[in-house]
Amino acid sequence: MTTYYNEMLDGGRVREPYALLSDWVETMPDEIRQMKQAEAEALFRRIGITFAVYGEGGDPDRLIPFDMMPRVFLQSEWRKLERGIKQRARALNAFLRDVYGRGEIVRAGRIPARLVYQNEAYEKAVVGFVPPRGVYSHIVGIDIVRTGRDEFYVLEDNCRTPSGVSYMLENREIMMRMFPALFRNSRIEPVDQYPELLRRTLASVAPAKCEGTPTVVILTPGHYNSAYYEHSFLANLMGVELVEGSDLFVDKGFVYMRTTQGPKRVDVIYRRIDDPFLDPLCFRRDSMLGVPGLMDVYRSGGVSICSAPGAGVADDKAIYTFVPEMVRFYLGEEPILNNVQTWTLWKDDDYRYVMDNLADLVVKEVHGSGGYGMLVGPKSTREEIETFRQKIEADPGNYIAQPTLALSTCPTFVDAGIAPRHVDLRPYCLCGDRIELVPGGLTRVALREGSLVVNSSQGGGVKDTWVLTE
């Protein structure tokens with residue numbers, strides 16, 4: 001039987017970071033807990049914090065489940081995570097500078113050329129162009145799992161437009177509103193500085209042609225997008241305009257925003273739309289979401305796009321296996337945070353091993369996300385395994401496999417009281433003229449008993465994440 005690390009209990013005794021919370025839970029009557037849970041849900045609904053799920057019928061806008069029991073880290077635990085996250089973000093950006101330039105890591109034989117240059121996320125349109133400060137991925141969301149007291153692993157990297165930071169901020173706001181006494185009696189690092197750090201990071205990578213204070217905008221696909229709430233939420237907190245492609249136009253080498261006072265020049269675009277839709281003159285001709293001519297302005301230094309077009313090649317699941325090598329190659333350091341053991345099915349030996357052990361492994365599509373396109377062997381039926389086997393046989397290079405990790409558990413409120421549920425963590429690392437992150441992140445929790453899938457679209461929920469001060 002698999003044993004899981006319980007982040008609250010150690011040998012049946014409550015660990016130090018959870019001591020106060022243990023007393024808080026024990027002294028909270030069930031009726032108060034139920035009332036507070038209903039209050040939290042009402043607050044989420046009133047504020048409008050939803051995510052979209054399409055293709056399942058009914059209302060696509062869902063209320064994300066919120067668990068009132070926070071996840072807690074000691075300052076010493078967070079310091080290790082912070083060092084490892086910053087190291088990884090530096091290496092990923094160094095990799096992007098390299099593969100859109102001389103490609104030294106490929107020349108050195110450290111990464112197969114085809115995994116980079118034949119990758120669908122590799123954008124030939126930006127080869128040879130170096131964005132301001134050499135930063136390609138400005139917001140790096142790194143998904144981390146824990147398997148023991150001092151054992152943390154990176155599950156995947158998100159270098160394009162990682163979502164979920166609005167939940168990190170709203171989870172904290174709602175917890176502080178509902179339980180002010182709990183915060184008065186605890187020493188918890190704040191996270192509310194994130195919007196200002198993000199705004200400053202974006203402004204710090206303004207293009208060379210920027211005159212005066214940079215004008216920053218957030219480019220959204222529109223209100224039908226699953227993360228639209230987050231787009232508008234961040235625009236409001238940063239004090240910048242939320243725009244759609246039709247609000248912008250190109251003229252004489254610059255990008256302008258239509259306003260009631262006339263055109264206003266834009267210097268930095270925090271885009272929340274995918275590469276293929278950015279510019280119909282460069283990528284998909286049928287795109288109605290982007291700005292015609294945007295890429296010409298970008299390559300001429302008239303505007304910055306964050307994260308940079310082409311940054312997605314760094315977070316491809318096949319490339320993920322080489323990130324520790326990137327750390328060694330570019331930084332001359334050993335990785336602080338290790339990868340999860342991964343088999344790449346384009347290798348014959350890995351393919352044979354995985355096909356012989358499908359029932360024990362987790363298999364993922366290289367370009368999959370959101371918990372879709374994957375097989376969790378131990379939780380699947382024989383029929384599901386055989387169906388997935390046929391998909392792998394048809395295109396082995398489209399998959400990677402990993403062991404079924406013994407993800408740590410955190411105490412979680414359930415109908416019967418408190419029970420352990422599996423969790424992961426997504427901190428958000430900001431890369432501009434400096435690399436920084438707020439102490440915390442988005443903890444996602446698999447609310448279904450025994451489930452290891454934390455994605456909200458797959459029945460997962462969210463928790464507030466506490467980092468205790470010294």
Side-chain angles (χ1 to χ4, degrees), residues 126 129-139 160-163 165-166 169 192-223 225 227-275 277-282 287-311 428 430-436:
V126 293
F129 173 75
V130 180
R133 300 188 182 276
V135 178
Y136 286 76
S137 182
H138 305 81
I139 303 95
R160 307 176 214 202
T161 55
S163 62
V165 75
S166 59
L169 297 171
D192 58 359
Q193 70 272 38
Y194 178 86
E196 176 55 27
L197 291 180
L198 175 59
R199 187 205 61 77
R200 198 190 63 75
T201 296
L202 296 172
S204 77
V205 294
K209 294 181 181 179
C210 174
E211 300 173 351
T213 302
T215 296
V216 177
V217 300
I218 296 180
L219 176 60
T220 177
H223 68 279
N225 183 263
Y228 180 74
Y229 167 79
E230 179 162 294
H231 306 164
S232 58
F233 175 82
L234 288 174
N236 181 56
L237 289 182
M238 287 196 294
V240 304
E241 293 295 330
L242 179 68
V243 300
E244 297 183 28
S246 58
D247 299 319
L248 304 177
F249 67 93
V250 167
D251 184 47
K252 297 179 181 178
F254 294 100
V255 176
Y256 292 88
M257 169 175 50
R258 294 181 174 89
T259 76
T260 55
Q261 286 79 41
K264 182 176 182 179
R265 193 164 127 189
V266 171
D267 302 296
V268 181
I269 298 174
Y270 175 25
R271 54 76 173 252
R272 297 298 297 259
I273 66 176
D274 296 335
D275 286 1
F277 302 97
L278 278 173
D279 181 351
L281 299 184
C282 184
S287 172
M288 302 294 289
L289 303 176
V291 184
L294 174 62
M295 289 300 294
D296 284 341
V297 179
Y298 175 64
R299 288 176 296 207
S300 69
V303 70
S304 291
I305 302 175
C306 305
S307 284
Y428 298 86
L430 301 176
C431 305
D433 59 349
R434 65 186 77 172
I435 298 180
E436 51 195 346

Discussion item. Please report the interatomic distance CG(L197) to CG(L202), rounded to the nearest 0.5 Å.
Written reply: 11.0 Å

Worksheet item: So, D275 side chain and P309 main chain: donor-acceptor pair closer than 3.5 Å or not?
Response: no

Worksheet item: Can K264 and E241 be counted as an ion pair, charged N to O under 4.0 angstrom?
Response: no

Worksheet item: Roughly how far, to the nearest 0.5 Å, is CG of L430 from OH of Y194?
Response: 4.5 Å

Practice prompt. Tell me, please, which residues at least two apart from D251 pass side chain to side chain contact (heavy atoms under 4.5 Å, CB included).
Written response: F249, Y256

Practice prompt. Supply the atom-to-atom distance H223 NE2 to L242 CG, rounded to the nearest 0.5 angstrom.
Written response: 12.0 Å

Worksheet item: If you measure from CD on E230 to OG1 on T161, what distance do you get to the nearest 0.5 Å?
Response: 9.5 Å

Worksheet item: Quick check: does any side chain N or O of R271 sit under 3.5 Å from a backbone N or O of L278, one acting as donor and the other as acceptor?
Response: no

Worksheet entry | Sidechain-backbone polar pair: D267 side chain, A206 backbone, donor-acceptor under 3.5 Å | no

Worksheet item: Would you find a donor on one side and an acceptor on the other, under 3.5 Å apart, between the side chain of D247 and the backbone of E244?
Response: yes

Discussion item. So does H138 get a backbone contact from the side chain of S307, meaning a donor-acceptor N/O pair under 3.5 Å?
Written reply: yes

Worksheet item: Would you call R434 and R200 a side-chain contact if the rule is heavy atoms closer than 4.5 Å?
Response: yes

